[in-house]
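Working notes for the structure below.
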Number of protein chains: 2
Amino acid sequence: MSPARARTSRAAIVAAGREVLEERGLDGVSMASVARRVAVRPPSLYKHVRDRSALIAAIATDAANELAQAIEAAGGADDPPEHRLASMAHAFREFARRSPRATAMLFAGLEPGAGPSLESLARAARPVVDAGEALAGPAGALPAARALTAFAYGFTSMEAAGAFQLGGNVNEAFEQGVAALSSGFARRA
Amino acid sequence: MSPARARTSRAAIVAAGREVLEERGLDGVSMASVARRVAVRPPSLYKHVRDRSALIAAIATDAANELAQAIEAAGGADDPPEHRLASMAHAFREFARRSPRATAMLFAGLEPGAGPSLESLARAARPVVDAGEALAGPAGALPAARALTAFAYGFTSMEAAGAFQLGGNVNEAFEQGVAALSSGFARRA
DNA sequence: ACCTGAACACCGTTCAAGT
DNA sequence: ACCTGAACACCGTTCAAGT
């Protein structure tokens, strides 16, 4: 009559997984560590996620959706496209600083099946492509969006990895890169 | 009098590790799989590398040195800096296509201690900074080099991850991105 | 001086048994 | 319907014993 009530949920498991990911890295996201955090034994997780790689994929998709939301919020105004792109690039960088390891998961080519869902990534890409079209016209939209996304991701990823060891003003390099790409693609419109 | 002669070497182990890395991914680089490839039992590896994370770091450093060589070769001529930068960006992209998983290791922020040596990365960065200085002057050299490296890395990483799903001409986006960054930073010189 | 088998702790996963 | 302990295969690592 009272079959065992759920003591956790898929959402709680994914959220716990994201915490562990940022604290201990991807290797630290074990079924044991996540189960401990939601106060359950490891085998119980299999009632909510298929296996560890499905859990990793769910964590990545969760992060992608949060990123999409941040980018939508930043790109919504009807400013000139250069401003929207700069503001989305900033939002991306802030997300990457909050969630560096999740950001790496979104782009850095995990094993097939362990990455975020394509829909969640497409949702994050849409506002960038829209602003790219406003900037560079229909033909230039996709290359412009790709270049800006690649730049923002590459930059923040190197930043998170501590790759900028030579001093200098890192913020300025980011600003100038975004500005250079914007004006470079705009000219071709 | 004839103590056991070495049946393998650190170099052979690192080379085997790089093969396994590209074939099966980072998770596939186990002490067991690498030992099998060099025809030795797992415990023997510990005579040549401290532990698995030191092996991963050695694989990353090996890849960084190969990348540095490719970039040095591409950036050597005394062409105008725009040409040198474009040619180094192409060399980077070719390396990333040959060794996609190693490339991800070089930039995508592994756990501390598992990344490539800083010297090997600095060696790869040097020719880019030099060309950046020729393009943008002493003050603009570092931002220009960082922006171009971030772009090239981000782009090839997304390419390897299959992130460019929307069709269109991917090569063209890469070319245009490099050109936009070059001219954007040159103008500020 | 390096290689090996045995051993240990740990993890992902399955499954029968609980409630 | 979900949770659990027990069990299995696998991996990283150590170490004493071989040559």
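Every heavy atom of this structure was used, including side-chain atoms; hydrogens, water molecules and symmetry mates were not. Letters A, B, ... mirror the listed sequences (proteins, then strands); counts begin at 1.
Rounding to whole angstrom units, CG of residue D51(B) and P of dT14(D) are separated by 7 Å. Computed from coordinates, the L45(B) CG to dT14(D) P distance equals 13 Å when rounded to whole Å. Straight-line distance from the OH atom of Y46(A) to the P atom of dC3(D): 14 Å, rounded to whole Å. To the nearest angstrom, P of dT13(D) lies 9 Å from CZ of R50(B). Atom P of nucleotide dT14(D) and atom CZ of R52(B) are separated by 14 Å, given to the nearest angstrom. Going from atom CG of D27(B) over to atom P of dC11(C) covers 15 Å, rounded to whole Å. Atom pair K47(B):NZ and dA1(C):C1' shows a separation of 7 Å (rounding to whole Å applied).
Among R101(B), R18(B), R37(B), the single residue meeting the salt bridge (Lys or Arg N to Asp or Glu O under 4.0 Å) criterion with E23(B) is R37(B).
Taking a pair to require two hydrogen-bonding distances under 3.5 Å in either a Watson-Crick or a G-U wobble arrangement, dA16(C) pairs with dT4(D). Pairing for dC10(C) is absent, with no Watson-Crick or G-U wobble pair whose two atom distances lie under 3.5 Å.
In this structure, N171(A) and R93(A) have side chains that are in contact, with non-hydrogen atoms separated by less than 4.5 Å. Contact annotation: the side chain of M31(A) approaches that of L55(A) to within less than 4.5 Å [non-hydrogen atoms, C-beta and beyond].
Heavy-atom minimum distance, F185(B) versus A147(B): CE1-CB, 3.5 Å. Residues A141(B) and A136(B) approach most closely at N-CB, 4.4 Å, considering heavy atoms.
Residue contacts shown for S30(B) are limited to sugar-phosphate atoms, with no base heavy atom under 4.0 Å away.
The H48(A) side chain lies nearest to dC3(D) when the options are dC3(C), dC11(C), dC3(D). Looking at the side chain of P43(B), the nearest of the listed nucleotides dC3(C), dT13(C), dT14(D) is dT14(D).
Put simply, R7(A) has a side-chain N or O that comes within less than 4.0 Å of OP1 or OP2 on dT4(D). At the phosphate of dG5(D), OP1 or OP2 sits under 4.0 Å from a side-chain N or O atom of R41(A). OP1 and OP2 of dC2(D) both lie 4.0 Å or more from every side-chain N or O belonging to S44(A).
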